[in-house]
Number of protein chains: 2
Amino acid sequence: MIAQVATDQPGPATEPAALPAPRRTQRVSMAHVARLAGVSSQTVSRVSNGHPGVGEETRAQVLTAMKQLGYRPNSAARALKRGEFRTIGVILFTLATTGNIRTLEAIATSAANEGYAITLIPVTAPTQDGVRGAFTRLGELAVDAVIVIMEVTLADVGVLPLPPHVQVVVADSNAGDRYSVVDTDQAGGTREAVRHLLDLGHRTVWHISGPAESFAAQRRARAWRATLEEAGREVPPLAAGDWSAESGYRAGLLLARNPECTAVFAANDQMALGLLRALHEAGRSVPHDVSVVGFDDIPEAGSFPPPLTTVHQDFAEVGRRCVAGVLRKMREEHAPERGTTLVPTHMVIRHSTAPPPTAPPAPAG
Amino acid sequence: MIAQVATDQPGPATEPAALPAPRRTQRVSMAHVARLAGVSSQTVSRVSNGHPGVGEETRAQVLTAMKQLGYRPNSAARALKRGEFRTIGVILFTLATTGNIRTLEAIATSAANEGYAITLIPVTAPTQDGVRGAFTRLGELAVDAVIVIMEVTLADVGVLPLPPHVQVVVADSNAGDRYSVVDTDQAGGTREAVRHLLDLGHRTVWHISGPAESFAAQRRARAWRATLEEAGREVPPLAAGDWSAESGYRAGLLLARNPECTAVFAANDQMALGLLRALHEAGRSVPHDVSVVGFDDIPEAGSFPPPLTTVHQDFAEVGRRCVAGVLRKMREEHAPERGTTLVPTHMVIRHSTAPPPTAPPAPAG
DNA sequence: GTGCGGAATGTTTACGTAAACATGTTGGAT
DNA sequence: ATCCAACATGTTTACGTAAACATTCCGCAC
C-alpha cells in the first residue's frame, strides 16, 4: 500500500531525461515519512502539528524525513478529520467596481492574517439562477463561512438561499434584518458632502446617482434628498447614472446647460470625472462656476483636473469587520446575530469645491 | 455512529425558540440519506454523482431523502477520495493595479466555466519571505494548480520556490524559460502606439514609464526605445513614473515646459490622466499642442478630458489562456512545457492624438 | 523491592466518499 | 425447465489525518 511512492523524491534538480515517470498517486503521506523515520504515523502527526510529547531526537528524525521526502500535509484529509477548511468563501457579482475590489482586497488581507484563505465565487448573473448556482457550488465547496458582497438588488430573489451550517456576513446591503451586515456609512458620508456644499453657500445641490439596483446608490440618493429637505432647500431633479464615467459625462452635459446648477454631488468618483469633462467642454470652470464632490476617493481622484473633493471610504475597515464578524460567528456557533455595522467615512477636501460665483457671505435665504 | 444527527433537520422554517441545539458534528452524510431512503450509501453516492445503474424509483427516493435532510456532499471527503480539489490557487502581489484585477476577474470567470473555484493567495511583501510564506501556505492549501500573477521583479528571489506536484502558469512575467507564461504583447502594443504618433508626423515620442520593478513597465519602455531607434529618431530622456496618476502629473509638469515635446506615450492610462492634468494646467492643449497615448484602455479612458487614445489589452483572453494552460498541464501530467504565449493588443484611437502643431505633411526629416 | 505516575510512543478507529468487487434478481434464449 | 446476460443494489475497502485509547519504559516514593 505504500509502494507507489519512491518515483518522486523531489531531490535537488534531478531533471529526468526523457519520459517522466507516470505520476498521480505519488503524494507523500505521513505513512511514508513514518516509515523512513522509523516511527509510527501518529508520531509524525504529532510533529506535524507541533504537539508536545515527542522526544527531541525523534522529532529531529521526523523533521529530517519530512524534508527528505518533501512531505506536505494533505489538506483534504486534514479538513475531513477536523471538520473545517480554514477557508472563507467570498461571493460577489463583479470585480468591475472600485468598492468591490477594495473590499475584496481588504478581506483577503485580514483573512490571511487570521490564517484563513479566500475562495472566490463569482456570480455571473444577478438573478435567482445566478445566485442559486453560486450557492449550489458553494454548498459543495471547501468553505467554512461566507462573505457576500452584495451591492445590488437581486432582480428576482427575495431571500438568499443560504446553505445550512455556513455562517454569513454580508457587505454592502440592506439585509440587516436577516443577516449581519457590514457597510460604509453611506448616509453619513453623503450628508457630509451635501452639507459641505451648502455651507460653502450654494443654494442647493444637484445629484448624479448610481444605478437604481445598487444599494449604495439608493442610500446615497436618499441621504442627499433628506439632507436637502432638512436644510429646507429645493430638491432638484436627480440625474441617473450607472457608476461609469461615461454616464457622468452624459449627465454632465445636461447639468452644464443649467446656469442654476452650481454644485453637484456625484455618487462616485468615476462619474465625477465624466462630469468634470462635460463641464470643461461646456466652458464652465470648476470650482469657480460649479463645485463638484465625488464619493469613494479612488487613488486617481487627487489627479483629476482639478483634484476632486470627495468622500473617503475605509474599505480596509469594512474588510476587517467582515472577516472578524464571520469568524466570531463561526466560533460562537449559536446566536446568529443580525444587524448592521456602519464604518464611518471622512471628507477629503481638494480643489473641486468653492463658494458659488455670486457668493453670498451669509447662508442664502 | 449515526446517532448524532437528528437535531438538525433543516425543515421548513422551524425556528427553534430559544437555545439552538449544540451544533458541530451534525453534518448530514450519505449514510443518513441512505438510511432514510432505505438504501445503501453507495446508491446514494451513485445518485449524487449522476452515475447510471440506479432504478428510477430508487433514484427518486434518494433525491427526496437528500432534499429532506438538506444533504450536501462533503467536499473534503470527496477531494480526499478523488485526489483533486477542483480549485486553482492564484498568487498575486496586489489588487491595486487595473491589470491584476482584470486578469483575476477573467481567471475567476474562466475557471468557474470549467467547474473550478479560485483560491486567492495574497502575498504581502514581494520579497523572498513574502513569497515563501505564500507558497508554504499554498503547499497546505486545497489547490490543484497555481497561477501566479507576478508583475514585479522580486527583490531577492531568483526562482520561485514552487511546491512539487502543482502545475503552474505565470501571468505577466519574464520567466518564460522556466515556466509557462501568458502575457499581453507589451512590445507589440507599444510599437503600435509609438508608430501611431510617428505616423501623425511627430518628430519623436516621449515616454512616461512605470516603476522599474515592473516587467510590463520594463518591456514597454524597451519597446518604446527600440521603435524609435528603428525609425532612426532621437530617443528623448525617459520620465519615470510609478503607475499612479500623481506620478504622471509630476512627470507631466516637466514635460509641459519643453516645447520640443509634442507627443507622449504613457505606460498606463492613470499616468496619462495625470499627464493630461499637468498639460491642461500648463495651458498646453491636447491634442493640438501635445498628443498623448496611454496603455490598458481602462473603462474611464473614454471619458478623460479629452478621451484618451490608448492601447487596449485583452485581459479576458489572458485569463482564459492561463486557466486553459494550467488545466492542460494538469491533465497531461508530463511535459512541463515552458515558453511564453502573447495575447495581442489593439489600439483605440480617440481624441488625444493629432498631428503636431507645425504639421509637416510629409514624414519629417 | 514494589508500585505508581508520567512521559514517549504505538494501535485502533472514524471522518465521508467512491472505486472495486460481490451479490441478488429479472427475463429472454435455448 | 435451465441457464446466463444485464441490470440493480449491497459490501468492502482505501484515501490521509488525528483523536482516543493502549502500551511500554523509566524513575522515584514508600
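Chain naming here is simple, since letters A, B, ... match the order of the sequence lines and numbering starts at 1 in each.
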For the residue pair [X] and [Y], establish whether any side-chain heavy-atom pair is separated by less than 4.5 Å.
X         : Y         : result
Leu104(A) : Asn100(A) : no
Ile147(A) : Val182(A) : no
Tyr116(A) : Asp144(A) : yes
Arg46(A)  : Thr43(A)  : yes

Phosphate OP1/OP2 of dG10(D) contacted by Thr43(B) side-chain N/O (<4.0 Å): yes
Within this structure, what is the [atom1]-to-[atom2] distance between [X] and [N], rounded to whole angstrom?
X        : N       : atom1 : atom2 : value
Leu80(A) : dA18(D) : CG    : C1'   : 11 Å
Met66(B) : dG16(C) : CE    : P     : 16 Å
Met30(A) : dT13(C) : CE    : P     : 17 Å
Glu84(B) : dG16(D) : CD    : P     : 15 Å
Glu56(B) : dC7(D)  : CD    : P     : 15 Å
Asn74(B) : dC15(D) : CG    : P     : 18 Å
Glu57(B) : dC7(D)  : CD    : C1'   : 16 Å
Phe85(A) : dT17(D) : CZ    : C1'   : 14 Å

Nucleotide N/O to protein N/O under 3.5 Å, stretch nucleotides 19-25 of chain C:
| residue | atom | partner | partner atom | Å |
| --- | --- | --- | --- | --- |
| dA19(C) | N6 | Gln42(B) | OE1 | 2.6 |

Given Thr103(A), Thr119(A), Ile107(A), the one that forms side-chain contact (heavy atoms from CB on, under 4.5 Å) with Val90(A): Ile107(A)
Side-chain donor-acceptor contact under 3.5 Å, Arg328(B) with Ser180(B): no
Euclidean distance, Arg35(A) CZ relative to Ser29(A) OG, rounded to 0.5 Å: 10.0 Å
Categorize [X] for me: base, sugar-phosphate, or nothing, with a 4.0 angstrom heavy-atom threshold over every strand shown.
X        : answer
Val44(A) : nothing
Gly55(A) : sugar-phosphate
Ser41(B) : nothing

Options dT17(D), dA18(C), dG16(C), nucleotide nearest the side-chain atoms of Arg78(B): dA18(C)
